[in-house]
Participant: 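The structure that follows is given in the form of C-alpha cells.
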Amino acid sequence: MLLAQHSGRIPGLFVAAQKANFCTMRETVEENGSPELYSPHPKVRGMTLLNREAFKRTVVVPVLKVKKEIVHALLKALKHTVLQRPGLKRVIEDPEDEGSKLVILDPHQVPEFSLGQAEQEVLKQLNIPPEVSRYNLELTYENFKSEEILRAVLPEGQDVTSGFSRVGHIAHFNLRDHQLPYKHLIGQVIIDKNPGITCVVNKTSIIDSTYRNFEMEVLAGESNLVTKVKENNISYELDFAKVYWNPRLSTEHGRIVELLKPGDVLFDVFAGIGPFAIPAAKKKCVVFANDLNPESYKWLLHNCKLNKVDNKIKAFNLDGRDFLLGPVREELSKALALEKEAQKPAVHIVMNLPASALEFLDVFRHLLVGEPCSAAVLPTVHCYGFSKHENPAKEIQEQAEASLGASLDGRCATYLVRNVAPNKEMLCISFQVPADVLYKRPCPAEEKPASKRLCTGKDFTEENVVS
C-alpha cells in the first residue's frame, strides 16, 4: 500500500496598514487590467541592500462616491467587484464631501473604469451615481507581499523562493545559487513580513549523516538558534544549529504514534529530540529512545522533563547498531519470553535515519536465539529511506530485503512520507521481522537452553543509559 502524505509549506502572514491619500497628481499607471498593477517600482530590480523607500509607487484605481449610510449595502452587493487586497482599505474618506465615502473597486474587475450592466443595475437600486472616478493610490513597502517584493528584486525570469521551514522564531531557507547575492535582503524581507520570525538562516551544507545536523548562515535578525516549537500539541525545545528538526515531518510523527496502543513497547533507534518517543510515552507506552548525537541526547532528556515523561522513557546515547544489539535485544528477549500470549505487548521499532537506516536492518538477522514466538507478537519495524527511483516503493523494499536476507513480498507496507527534492522521495517501509530472520535456532547439543540466553554482542553500560 502506497500512502501519499504531503506536507505543505508554511505560509507567511502578510498584513500591513495602508494610509491612502486622495490627490490630484498625474496618473502613473494606465493599464489597470495588467497583472503588474501591484508590483513594486521597477527601479528596485537588482537591489541587494534593502531600501524600503524605493518601493513607493502610485497607481490609479477606480472608485465610487457613496453616501455613508449605504456603504455597507454596496459592499455586500458588489463584494466581488470591490477591492479585496489584504492591507488596503476598501473604504476611504472623501476629501470633498464629509457625508460621503470613496469605495475602491478592484482594478482587475473594472479595467476600463466602467461597470458592467449587472453592477450598474445594483447602483441604480441603491440610488448611487454610476460614474467611476479615478483615484491615485500610493503603495509602499508595507503593502507588498514578500513574493511580490522578491519577484521585483531578483533577476527577471529567475525562480523566486518565498517558501521556508519555520522552526519557532527561525525561518530556514535552502537558497539556490542565483539567489545568494540577495540572501541578506531576502532574510530581512521575511522578518518584515512574518510576525514572530526574528531570525532567518540558510543551509550551507548537506546534512551530516552522523549527527543529522548541518552548517547554516544567519541571513538576518538575531543569532539565537535556541528555540521552542509545538507539534501535535506537544512542546519541544532545541538548538537548531546542533540537532535535527524538520516541521514537515509532523504528519508522519503523528501517523506512527497513532498506530501505538497503551502498553505497547517502542524502540526509537534514531530518536533525535523525541518527536516519536515523547508522544508515545504520553500515550502510556513503554519507550526506549536512543540517539548518537550528544546534543540530541541532551535535548531529548530536556524535553522528557519539559513534558513530564522523564520517568517513562529510558534514554540512551549510543550508536544505532549498538542500541539494537544491546538494549533492544535484551528487552525483546524479556518481552517475547512471557509465558502467556495475552501478556506479550506489541513491539514497534522506529528507524528514522533515511540516509542510512536501511543498512542497519541486517542487525535483525538472528538477533535472538531460541524457538520462534507467535507471528502475532513479532516486532514491527518502521524504517525510513530516500529514493530517486522511478518506482521508489519497489526500490525501498528491495533494499530492505537485501539487508534482512529475506523476502518481504506480501508482508510489508510502504508509505510515501514527502517529496524531499525534485525526483527524490522520502518513504517509510513497515513490516514484521520474519521469525526465520529474527531467531537463530539453538543447537541440540548445547547444555543450557538457548532460549534463555542472548547472542553475544557489544554490551551497553550504565553510564550510557539514563532511566
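Heavy atoms only: backbone and side chains are in, while hydrogens, waters and symmetry mates are out. Nothing here was measured: the structure is a model prediction, and the numbers come from that model. Note that the numbering runs from 1 along the sequence shown for the chain.
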Participant: What distance separates L137 CG from N143 CG, expressed to the nearest 0.5 Å?
Facilitator: 7.5 Å

Participant: For H302, check ring-ring contact (aromatic ring centres under 6.0 Å, His included) against everything at least two apart and list the hits.
Facilitator: W299

Participant: Would you name the heavy atoms of T48 and P181 that are closest together and state the gap between them?
Facilitator: CG2-O, 3.6 Å

Participant: F270 pairs by ring-ring contact (aromatic ring centres under 6.0 Å, His included) with which of F323, Y297, F360?
Facilitator: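 Single ring-ring contact (aromatic ring centres under 6.0 Å, His included) partner of F270 among F323, Y297, F360: F360.
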
Participant: If we only count heavy atoms from C-beta on, is the I278 to N303 side-chain gap below 4.5 Å?
Facilitator: yes

Participant: Determine whether a donor-acceptor pair (N or O, by modelled atom type, separation under 3.5 Å) exists between the side chain of N202 and the backbone of L175.
Facilitator: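 Side chain of N202 to backbone of L175, a donor-acceptor pair under 3.5 Å: yes, one is there.
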
Participant: Contact between P392 and L416 at the side-chain level, heavy atoms closer than 4.5 Å - yes or no?
Facilitator: no

Participant: Please assess V61 against D106 for the test side chain to side chain contact (heavy atoms under 4.5 Å, CB included), listing each intermediate value before the final yes or no.
Facilitator: CA-CA 7 Å; V61 294; D106 185 347; over 6 Å; no

Participant: Please report the interatomic distance CZ(R418) to NZ(K424), rounded to the nearest 0.5 Å.
Facilitator: 9.0 Å

Participant: Any side-chain heavy atom of L185 within less than 4.5 Å of one from V153?
Facilitator: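 In contact.
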
Participant: Counting distance only, does the side-chain N/O of T204 pair as donor-acceptor with the main-chain N or O of E215 below 3.5 Å?
Facilitator: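 Looks like yes, one N/O pair under 3.5 Å.
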
Participant: I'd like to know if the side chain of D319 and the backbone of L292 have a donor-acceptor N/O pair within less than 3.5 Å.
Facilitator: no

Participant: Tell me, please, which residues at least two apart from S430 pass side-chain contact (heavy atoms from CB on, under 4.5 Å).
Facilitator: H382, Y415, C428

Participant: Please check this pair: side chain of R329 against backbone of L325, looking for a donor-acceptor N/O pair closer than 3.5 Å.
Facilitator: yes

Participant: Between the main-chain N or O of L408 and the side-chain N or O of E401, is there a donor-acceptor pair closer than 3.5 Å?
Facilitator: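 Yes; judged by distance alone, with no hydrogens or angles, the pair exists.
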
Participant: Ignoring hydrogens and angles, tell me if any N or O in the side chain of R45 forms a donor-acceptor pair with the backbone of A152 under 3.5 Å.
Facilitator: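 Yes; judged by distance alone, with no hydrogens or angles, the pair exists.
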
Participant: Regarding D159 and Q179, is there a side-chain donor-to-acceptor distance under 3.5 Å anywhere?
Facilitator: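 The criterion, which ignores hydrogens and geometry beyond distance, is not satisfied for Q179 and D159.
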
Participant: Yes or no on side chain to side chain contact (heavy atoms under 4.5 Å, CB included) for I92 and I104, after CA distance, side-chain angles and deciding distance?
Facilitator: CA-CA 8 Å; I92 55 178; I104 302 178; 4.1 Å; yes

Participant: K101: what forms a side-chain contact (heavy atoms from CB on, under 4.5 Å) with it, not counting sequence neighbours?
Facilitator: K68, V71, V91, E93

Participant: Please list all pairs meeting salt bridge (Lys or Arg N to Asp or Glu O under 4.0 Å) that have one or both residues in residues 217-226, counting only residues at least two apart or in different chains.
Facilitator: K183-E217

Participant: Applying side chain to side chain donor-acceptor pair (under 3.5 Å), can you list everything that pairs with S387, at least two apart in sequence or on another chain?
Facilitator: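 For S387, the residues satisfying side chain to side chain donor-acceptor pair (under 3.5 Å) (neighbours in sequence not counted) are E395.
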
Participant: What are the two closest non-hydrogen atoms of I313 and A277, and how far apart are they?
Facilitator: CD1-O, 3.7 Å

Participant: Between NZ of K314 and CG of D310, what distance do you get to the nearest 0.5 Å?
Facilitator: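 So the NZ of K314 and the CG of D310 are separated by 14.0 Å.
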
Participant: Mind checking what makes ring-ring contact (aromatic ring centres under 6.0 Å, His included) contact with F431, not counting sequence neighbours?
Facilitator: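 If we apply the ring-ring contact (aromatic ring centres under 6.0 Å, His included) test to F431, skipping adjacent residues, there are no hits.
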
Participant: Tell me, do F316 and D291 make a side-chain contact under 4.5 Å, heavy atoms counted?
Facilitator: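 F316 does not reach D291 side chain to side chain.
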
Participant: So, using side-chain contact (heavy atoms from CB on, under 4.5 Å) as the criterion, who are the partners of P155 when residues are at least two apart?
Facilitator: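 Result, side-chain contact (heavy atoms from CB on, under 4.5 Å) vs P155: Q158, Y182.
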
Participant: Which heavy atom of L358 sits nearest to which heavy atom of A400, and what is that distance?
Facilitator: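 Shortest heavy-atom contact: CD2-CB, 4.0 Å.
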
Participant: To the closest 0.5 Å, what do you measure between CD1 (I190) and NE2 (H172)?
Facilitator: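 Between atom CD1 of I190 and atom NE2 of H172 there are 13.0 Å.
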
Participant: Between the side chains of R321 and D362, is the shortest nitrogen-to-carboxylate-oxygen separation below 4.0 Å, so that they form an ion pair?
Facilitator: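 Judged by the 4.0 Å cut-off on N to carboxylate O distance, D362 and R321 do form a salt bridge.
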
Participant: How about Q84: does its CD atom have over 12 heavy atoms from other parts shown lying under 6.0 Å from it?
Facilitator: yes

Participant: With sequence neighbours excluded, give me every salt bridge (Lys or Arg N to Asp or Glu O under 4.0 Å) pair touching residues 270-286.
Facilitator: none

Participant: Among residues at least two apart in sequence or on other chains, which ones pass ring-ring contact (aromatic ring centres under 6.0 Å, His included) with Y141?
Facilitator: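 ring-ring contact (aromatic ring centres under 6.0 Å, His included) check on Y141 returns F55.
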
Participant: In Å and rounded to the nearest 0.5 Å, what is the CG to CG distance from L361 to L404?
Facilitator: 5.0 Å

Participant: When you compare the side chain of F267 with that of H348, does any pair of heavy atoms fall below 4.5 Å?
Facilitator: no

Participant: If you measure from CG on N194 to CD1 on I197, what distance do you get to the nearest 0.5 Å?
Facilitator: 5.5 Å

Participant: Could you tell me whether the side chain of K203 reaches within less than 4.5 Å of the side chain of M216, counting heavy atoms only?
Facilitator: no

Participant: I'd like to check the side-chain contact (heavy atoms from CB on, under 4.5 Å) partners of Q188; sequence neighbours left out, ordered by chain and number.
Facilitator: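 Only L50, R52, I191, D192, A220 meet the side-chain contact (heavy atoms from CB on, under 4.5 Å) criterion with Q188.
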
Participant: Go through the side-chain N and O atoms of H169 and T227 and say whether any donor and acceptor fall under 3.5 Å apart.
Facilitator: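 Yes, T227 and H169 have a side-chain donor paired with an acceptor closer than 3.5 Å.
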
Participant: Please check: side-chain N/O of R151 versus main-chain N/O of E156, any donor-acceptor pairing under 3.5 Å?
Facilitator: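 No.
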
Participant: Are L238 and V229 close enough that some pair of their side-chain heavy atoms sits under 4.5 Å apart?
Facilitator: yes

Participant: Please assess V350 against L266 for the test side chain to side chain contact (heavy atoms under 4.5 Å, CB included), listing each intermediate value before the final yes or no.
Facilitator: CA-CA 7 Å; V350 174; L266 173 68; 3.6 Å; yes

Participant: Considering all heavy atoms of both residues, which atom of A271 and which atom of L300 are nearest to each other, and what is their separation?
Facilitator: CB-CD2, 4.4 Å

Participant: Can you sort out the partners of Y236 under ring-ring contact (aromatic ring centres under 6.0 Å, His included), two or more places apart, ordered by chain and number?
Facilitator: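 By the ring-ring contact (aromatic ring centres under 6.0 Å, His included) rule, Y236 matches W245.
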
Participant: Kindly indicate, with the supporting measurements, whether the criterion side chain to side chain contact (heavy atoms under 4.5 Å, CB included) is fulfilled by V103 and L75.
Facilitator: CA-CA 8 Å; V103 177; L75 292 177; 3.9 Å; yes

Participant: Report, as yes or no, whether the 6.0 Å neighbourhood of atom NE2 on H72 holds more than 12 heavy atoms from other residues, nucleotides or ligands.
Facilitator: no

Participant: With sequence neighbours excluded, tell me which residues meet side chain to side chain donor-acceptor pair (under 3.5 Å) with N391.
Facilitator: none

Participant: Any side-chain donor paired with an acceptor under 3.5 Å for S165 and R248?
Facilitator: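 Distance-only check passes for S165 and R248.
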
Participant: Report yes if some heavy atom in the side chain of S296 is under 4.5 Å from a heavy atom in the side chain of Y244; otherwise report no.
Facilitator: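 No, too far: nothing below the 4.5 Å cut-off.
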
Participant: One thing to verify: whether R85 and E148 come together as a salt bridge, which I'm taking to mean a side-chain N less than 4.0 angstrom from a carboxylate O.
Facilitator: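 Result for this pair is yes, salt bridge flagged.
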
Participant: Where is the tightest heavy-atom contact between V417 and L249, given as atom of each residue plus distance?
Facilitator: CG1-CD2, 3.9 Å

Participant: List the atom of S235, the atom of K228, and the distance in Å for their closest heavy-atom pair.
Facilitator: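 Heavy atoms only, the tightest pair is CB-CE, 3.8 Å.
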
Participant: Could K298 and E295 be called an ion pair, given the rule that one side-chain N must be under 4.0 Å from one carboxylate O?
Facilitator: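 Counted as a salt bridge, because a side-chain N and a carboxylate O are separated by less than 4.0 Å.
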
Participant: Is the H253-F276 ring centre distance short of 6.0 angstrom?
Facilitator: yes

